[in-house]
Each structure stands twice: as structure tokens, then as C-alpha cells.
**Q** 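My questions will all concern the structure given below.
Excluded from the calculations below are hydrogen atoms, water molecules and symmetry mates; all remaining heavy atoms, backbone and side chain alike, are included. Just so you know, these numbers come straight off a predicted model, no measurement behind them.
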Amino acid sequence: MVEKKKKQFRPKARLPKGLIDVYGAEVRALARMLDRVRGVYDLYGFEPLETPALEYTDALGKFLPDVDRPNAGVFSLQDDDDQWMSLRYDLTAPLARFVAQNYDALPKPFRRYQSGPVWRNEKPGPGRYRQFTQIDADTVGAPPGAADAELCMMAADCLEALGIPRGGYVIRLNNRKLLDAALAEIGITGGEDDPQRLTVLRAMDKLDRLGETGVRLLLGPGRKDESGDFTAGAGLDDAAIDKVLAFLGAGGGSADETLARLGAAVGGLEIGAEGINELRMMAELFAAAGYGPDRIAIDPSIVRGLDYYTGPVFEAELTFEARSEDGQLIRFGSVGGGGRYDGLVARFKGVQIPATGFSLGVSRLYAALEALGKVETGAGDAPVIVLVMDREHMGRYLAMAAELRAAGIRAEIYMGASGVRAQMKYADKRGAAVVVMEGEDERGRGEVTLKDLVLGAEKSSEITDNEAWRSGAAAQIAVKRDELVAGVKSILQRTAS
RNA sequence: GCCGCUGUAGCUCAGUAGGUUAGAGCGCCUGAUUGUGGAUCAGGAGGUCCCUUGUUCGAAUCAAGGCAGCGGUACCA
């Protein structure tokens with residue numbers, strides 16, 4: 001090496017922006033949550049599927065990397081044969097690829113569920129990361145109606161399985177055909193990439209966030225936000241804006257009432273009548289299955305992205321509110337959604353294969369459950385710690401840990417090099433409920449000392465003077481060596497209750 | 001991408017009429033306690049004051065440029 005003198009390169013220990021580590025109790029809680037949702041999907045008969053994180057970019061969709069910005073939106077890299085691959089940005093595109101590739105062998109309709117991380121190369125925000133987990137269920141090869149209705153009901157079941165009470169959420173349902181009809185009513189009949197059409201749809205989508213005044217501006221001349229940035233509007237006249245807002249506000253009350261109002265607004269057009277029929281069919285199924293408007297409601301202001309949806313679209317929204325640590329009001333809003341996409345598989349096969357799906361966003365749901373106090377704490381997660389009082393008796397400690405494990409109790413021996421004080425601190429930091437000690441004294445008496453760390457912590461709040469602290473063997477008991485397991489069990493039981 | 005705000009210890013933040021050795025709380029480490037976490041007390045470690053250039057006898061402080069973070073907005077399959 002030429003430069004022998006100084007400056008060895010040390011990488012900075014850091015994470016790329018928008019990515020996070022998850023550790024310990026949170027990993028457990030997330031896993032339990034995913035299991036709950038998977039359990040519901042499984043009960044409905046969906047079959048699990050796993051696909052790789054990487055796909056060929058052209059198989060994922062329209063986001064072909066261009067030379068200037070190969071990573072716009074997606075993370076992409078080139079294989080040795082120069083083909084572009086990308087990290088999946090959702091679980092639907094890989095599903096379409098899988099179905100197209102294995103179409104002949106699959107049962108039709110094909111029903112699968114899948115969970116896993118997806119990646120989007122976008123600006124991260126609060127609660128918004130560049131890697132996040134989704135859990136999806138899709139039915140491919142079923143016509144509009146029952147398959148879509150089933151997903152709405154299953155979405156409601158999932159939220160309840162996670163402990164969100166009825167009334168704390170609502171599945172909002174709409175139909176893209178109604179949106180198309182509403183646009184036609186105000187004279188926007190341009191195709192998919194008519195810029196005015198896109199602007200109007202985007203404005204409609206923002207009703208929940210910006211309110212009627214904001215949407216009115218976006219539909220008309222444009223809107224200036226609080227930072228002073230200006231967003232161009234759609235330039236509609238007042239009559240058209242009134243029509244759009246009337247359409248958006250057609251929800252509320254019973255399904256019949258909503259459908260009647262929608263019929264008046266857009267039922268005159270063929271596409272509108274078709275959308276209303278699909279919704280009516282679904283509403284009848286909800287009623288038959290006992291899912292009232294408190295759980296699934298028709299709401300014309302649901303837009304759901306702009307792209308591949310072709311029929312019913314729906315969103316799972318949490319309606320309860322919580323306060324953050326600093327007293328700010330948090331609204332959780334949409335935690336998942338889905339809808340019908342009849343064109344996705346056709347990209348590969350050329351033939352139209354109808355499909356409908358639902359996707360839950362896991363981290364948002366988790367944050368909401370945390371605020372609701374519905375995260376399962378997983379008591380007993382922390383292991384019992386066997387202290388190493390005399391290093392030459394390590395074998396005895398190994399035997400104790402083995403006995404505890406044989407009884408199904410998570411147990412570990414302190415593996416560090418430090419003294420008892422540090423070992424206690426270690427047990428505390430790990431959240432252990434029990435510490436097992438056997439020093440010379442105990443060994444002589446054929447006993448072990450069990451310390452109840454939870455009880456100890458409770459007592460410490462009563463301790464005011466140094467004397468009491470010093471004598472502090474309060475929260476520990478001695479048991480016979482052969483009663484180790486029973487003794488630990490009784491402390492764990494007390495702690496759990 | 002656009003607009004705004006902010007960058008000082010691991011964390012939360014004080015610190016300007018530019019002036020010795022840059023502070024606090026929490027956390028961390030050590031001791032009081034030769035076998036004991038959490039209370040208390042005493043001590044300690046920890047900083048390129050985001051980076052670069054400039055103004056100045058002198059810059060955490062002033063100026064310009066850059067970078068990063070946060071908030072809003074746009075986009076979002």
C-alpha cells in the first residue's frame with residue numbers, strides 16, 4: 001500500500017434514509033399481527049404465495065428505467081446480461097406475473113395471499129418509509145360482484161381480528177365506473193391521460209384532507225398552500241364544480257339512499273348505470289351477510305390512485321382518533337385498500353382476465369394499534385437470566401438453564417465477563433422478570449436464590465433512604481435447588497397476572 | 001421536484017452588541033454497596049459547535065455556497 005501513514009477508512013454506521021431497523025418486542029408484535037391477518041385470509045380459503053423481491057422491470061409495469069433516472073420511483077439494477085431488474089413496489093404486479101406465467105396449471109378462480117416487504121424510491125415522510133410491508137389477498141378470474149364484496153367483508157374481519165372495535169373503522173366503497181360517468185357529465189371524456197381528467201380525479205381524491213373549499217379551488221383556478229406553493233387547478237366553471245361536489249357528497253345514510261342519489265347524478269349514462277348495478281349487487285350481499293353500513297359504506301369520494309382500477313374500489317379507514325405523546329391529535333385514516341383491476345394480467349397474456357384484490361399496510365396499522373393500546377405485549381418474552389456468580393461452576397448454571405428450558409421457560413446464562421452488579425443491570429435492561437443466583441452460600445445450603453425483578457422495581461418506589469436500599473434483598477426468595485423450576489414458574493405467574 | 005424552517009454531547013435543547021477552558025437535563029461509565037438492577041449522593045467519559053470558502057486581531061455566533069434533517073406541497077403503480 002502506498003499510503004501507509006494514516007487515515008484508515010471507517011464507514012459511518014448509518015442507515016439509508018427512509019429505512020428503519022426493527023428490534024425485539026416490536027418484531028414480535030408485528031409478527032403476531034401479521035399472523036392474525038394471515039389467519040383471516042387463510043380462513044377465507046386463500047392460498048399463500050411467496051415471490052422474490054426482485055422482478056424484471058418490464059414485468060413489474062410501466063416504470064421502465066430511463067437513462068436519466070433509472071431509479072425514479074423504483075429501485076432498479078442491471079443484471080450481468082444487462083437486463084433491468086427492480087425491487088417490487090407492490091405485491092400485485094408480481095401476482096399478475098405469476099398468474100400469467102402459470103396460468104394453465106392454476107385453479108380458476110385463483111385465490112392467493114401474500115405478505116412481505118415492498119420498496120418505493122420516493123421521498124420519505126413521517127410514518128412513510130422506502131421499505132414497508134404489505135399483506136394482500138387477491139382473487140383472479142372472478143367477475144365483478146361477490147369476489148369484490150367478499151374482500152370488503154374480509155377487510156372488516158381483519159380489522160376486528162386485530163382488536164379494532166366495530167365503529168372504529170369503516171370500509172368505504174366506490175366504483176371507478178361512477179367516477180368515469182361523473183367526469184362524462186361535466187364534459188370530460190378524454191382518455192386515460194387527458195391531463196384535465198387526471199387533475200380533476202386528483203382533486204376529488206383530496207376531499208378528506210383539504211375539505212370542500214380546497215377541492216373547489218383545485219377544480220377551479222388552483223390552490224396556494226400554506227408554504228406559498230401553488231398548485232394549478234383544473235379550470236372548471238362553477239356549474240361543473242358544483243356537479244362534482246354534489247357527486248362526491250352523495251354518500252351517507254343507507255346504501256339504498258346513496259344509490260338513489262348516485263342514480264340521479266350519473267345513472268343516465270350507461271357506464272354510470274353499470275357502476276351502480278355493481279354496487280347494488282354488492283350492497284345486497286353485505287345486507288345478506290349482516291355487514292351493515294357501520295362497517296361497509298358506499299362513499300363516492302373514494303378514488304384510490306389513478307391507474308389500473310376498473311370497477312369497484314374500496315379503502316379501509318380507521319375512524320378513531322388518538323393523541324400523540326405531545327398531545328397532538330392523530331388521525332390514522334386509510335390503512336389499506338383495493339379494488340378491481342381487469343387489465344393487469346392482460347399485459348402478459350393479451351386476454352382480459354378479471355381480478356380483484358385487497359392490501360393492508362402493516363406499519364400504519366401497527367402504529368394505529370399501538371395508539372389504541374391493542375398491541376399484544378407478549379408478556380414472558382424476556383428470558384430468565386441465570387447469573388454467573390462463580391465462573392468455575394459454569395456447568396451448574398448450564399444445568400439450571402437447561403432445566404428451565406425443558407420446562408418451556410425462556411432462559412439464558414449471562415455470557416459477559418462482568419461482575420454481579422453489571423449482570424443485574426443486564427437482566428434489568430433485558431426486561432427479565434426473574435434472576436437466578438447460586439453463589440457459594442446457596443450452594444452450601446443446597447438452594448438457589450430467585451429475585452423477582454418486577455416486584456423489586458415496585459418496592460424501589462417506596463424506598464426513600466439509603467439504608468433500606470442497601471438491605472434490599474426484599475424481592476428475592478431462596479428455594480431448594482430441586483425446586484428451581486417450580487419457584488421460577490410461580491414468580492412468572494405472579495408477574496403475568 | 002417546489003416552498004419554508006432547522007443543523008451545538010448518544011437524546012432533548014441552552015448558548016449573538018463576534019472575545020479565555022462551549023453548557024444543562026436525561027442517558028452512559030465509576031464509586032459509596034469486596035454477591036445484587038430500579039431510589040439517593042459523589043465523581044467521570046463523551047463535542048471537526050453540519051461542511052467549505054470568506055469577512056475579522058479573533059467565528060458556534062456574521063456572509064456566500066454546499067450538504068443533511070424536519071414540515072408543507074406535488075407525484076405515488
**Q** Can you tell which of B/G35, B/C29, B/A77 lies closest to the side chain of A/Lys425?
**A** B/C29
**Q** Would you call A/Glu403-A/Arg481 a salt bridge at under 4.0 Å N-O?
**A** yes
**Q** Can you measure A/Leu455 atom CG to B/G37 atom C1' for me and round it to whole angstrom units?
**A** 13 Å
**Q** Look at the side-chain N and O atoms of A/Arg421 and state whether any lies under 4.0 Å from the OP1 or OP2 oxygen of B/G35.
**A** no
**Q** Suppose we define a pair by two distances each less than 3.5 Å, Watson-Crick or G-U wobble; what does B/G71 pair with here?
**A** B/C3
**Q** Could you tell me the Watson-Crick or G-U partner of B/G37, where both distances fall under 3.5 Å? Say none if there is no partner.
**A** none
**Q** Check every atom of B/U36, B/A77, B/G1 against the side chain of A/Arg120 and return the nucleotide holding the closest atom.
**A** B/A77
**Q** Scan A/Gln423 against the nucleic acid and name what it touches under 4.0 Å (heavy atoms): base, sugar-phosphate only, or nothing.
**A** nothing
**Q** Rounding to an integer number of Å, can you tell me how far A/Met437 CE sits from B/G37 P?
**A** 10 Å
**Q** Only pairs with both distances under 3.5 Å count, Watson-Crick or wobble alike; so what is the partner of B/A17 in this structure?
**A** none
**Q** State which of B/U36, B/U73, B/C28 makes the closest approach to the side chain of A/Arg223.
**A** B/U73
**Q** With sequence neighbours left out, what residues match A/Glu483 under salt bridge (Lys or Arg N to Asp or Glu O under 4.0 Å)?
**A** none
**Q** Roughly how many Å apart are B/G23 and B/U8, using the C1' atom of each and rounding to a whole number?
**A** 10 Å
**Q** Answer yes or no for this row: A/Tyr89 ring on B/A77 base, centroids under 5.5 Å, planes under 30°.
**A** yes
**Q** Can you tell which of B/A77, B/A74, B/U36 lies closest to the side chain of A/Lys206?
**A** B/A74
**Q** Whole-Å distance between B/A77 P and A/Tyr308 OH?
**A** 8 Å
**Q** Below 4.0 angstrom from OP1 or OP2 of B/G72, is there any side-chain N or O of A/Arg209?
**A** no
**Q** Suppose you measure atom C1' in B/C28 against the same atom in B/G47; what distance do you get, rounded to whole Å?
**A** 16 Å
**Q** Measuring only the P atom in each nucleotide, how far is B/C26 from B/C41? A whole number of Å is fine.
**A** 9 Å
**Q** Salt bridge check: are A/Asp138 and A/Arg111 linked by an N-O gap of less than 4.0 Å?
**A** no
**Q** Expressed as a whole number of Å, how far does the P atom of B/C67 sit from that of B/U30?
**A** 43 Å
**Q** With a 3.5 Å cut-off and heavy atoms only, can you find an N or O donor on one side and an acceptor on the other between the side chain of A/Glu442 and the base of B/G35?
**A** yes
**Q** Return the nucleotide paired to B/A45: Watson-Crick means purine N1 to pyrimidine N3 with N6-O4 or O6-N4, wobble means G-U with N1-O2 and O6-N3, both under 3.5 Å.
**A** none
**Q** Report the base-pairing partner of B/A22 (Watson-Crick or G-U wobble, both distances below 3.5 angstrom), or none.
**A** none
**Q** When you compare B/A63 with B/G7, how far apart are their P atoms, in angstrom units rounded to a whole number?
**A** 13 Å
**Q** Under 4.0 Å between any heavy atoms, over every strand shown, what does A/Lys17 touch: base, sugar-phosphate, or nothing? Just pick one.
**A** sugar-phosphate
**Q** Using atom OH of A/Tyr309 as one end and atom C1' of B/A77 as the other, report the distance to the nearest whole Å.
**A** 9 Å
**Q** Under a 3.5 Å cutoff, is there a donor and acceptor pairing between the side chains of A/Gln423 and A/Arg421?
**A** no
**Q** To the nearest angstrom, how far is A/Tyr426 atom OH from B/G37 atom C1'?
**A** 14 Å
**Q** Between A/Pro124 and A/Leu218, who's closer to the 5' end of RNA chain B by nearest nucleotide?
**A** A/Pro124
**Q** State whether a side-chain donor-acceptor pair under 3.5 Å links A/Thr449 with A/Gln476.
**A** no
**Q** So, does A/Arg202 get its side chain near the phosphate of B/A74, meaning an N or O under 4.0 Å from OP1 or OP2?
**A** no
**Q** Partner lookup for B/U53, please. Criteria are Watson-Crick or G-U wobble with both distances under 3.5 angstrom; report none if nothing qualifies.
**A** B/A63
**Q** Consider the side chain of A/Thr231, meaning its heavy atoms from C-beta on, and name the nucleotide among B/G37, B/C28, B/U73 that approaches it most closely.
**A** B/U73
**Q** Which residues pass the salt bridge (Lys or Arg N to Asp or Glu O under 4.0 Å) test with A/Asp90, sequence neighbours left out?
**A** none
**Q** What is the distance from NZ of A/Lys123 to P of B/G71, rounded to the nearest Å?
**A** 8 Å
**Q** If I pick the P atom on B/C70 and the same atom on B/C29, what distance separates them, to the nearest angstrom?
**A** 29 Å
**Q** Distance between the C1' atoms of B/A9 and B/G72, in whole angstroms?
**A** 31 Å
**Q** Considering every strand and a 4.0 Å limit on heavy-atom distances, what is the contact class for A/Glu438: base, sugar-phosphate, or nothing?
**A** nothing
**Q** Tell me: CZ of A/Phe75 to P of B/A77, nearest whole Å?
**A** 16 Å
**Q** Taking the C1' atom of each, how far is B/C49 from B/A68, in whole Å?
**A** 16 Å
**Q** In sequence, state the C-alpha distance, the side-chain angles, and the governing distance for A/Phe46 and A/Tyr113, and then conclude on ring pair (Phe, Tyr, Trp, His ring centres under 6.0 Å).
**A** CA-CA 6 Å; A/Phe46 290 88; A/Tyr113 67 89; 7.5 Å; no
**Q** Any Lys/Arg nitrogen of A/Glu122 or A/Arg130 sitting under 4.0 Å from an Asp/Glu carboxylate oxygen of the other?
**A** no
**Q** Round to the nearest Å and state the distance from A/Arg443 atom CZ to B/G35 atom P.
**A** 13 Å
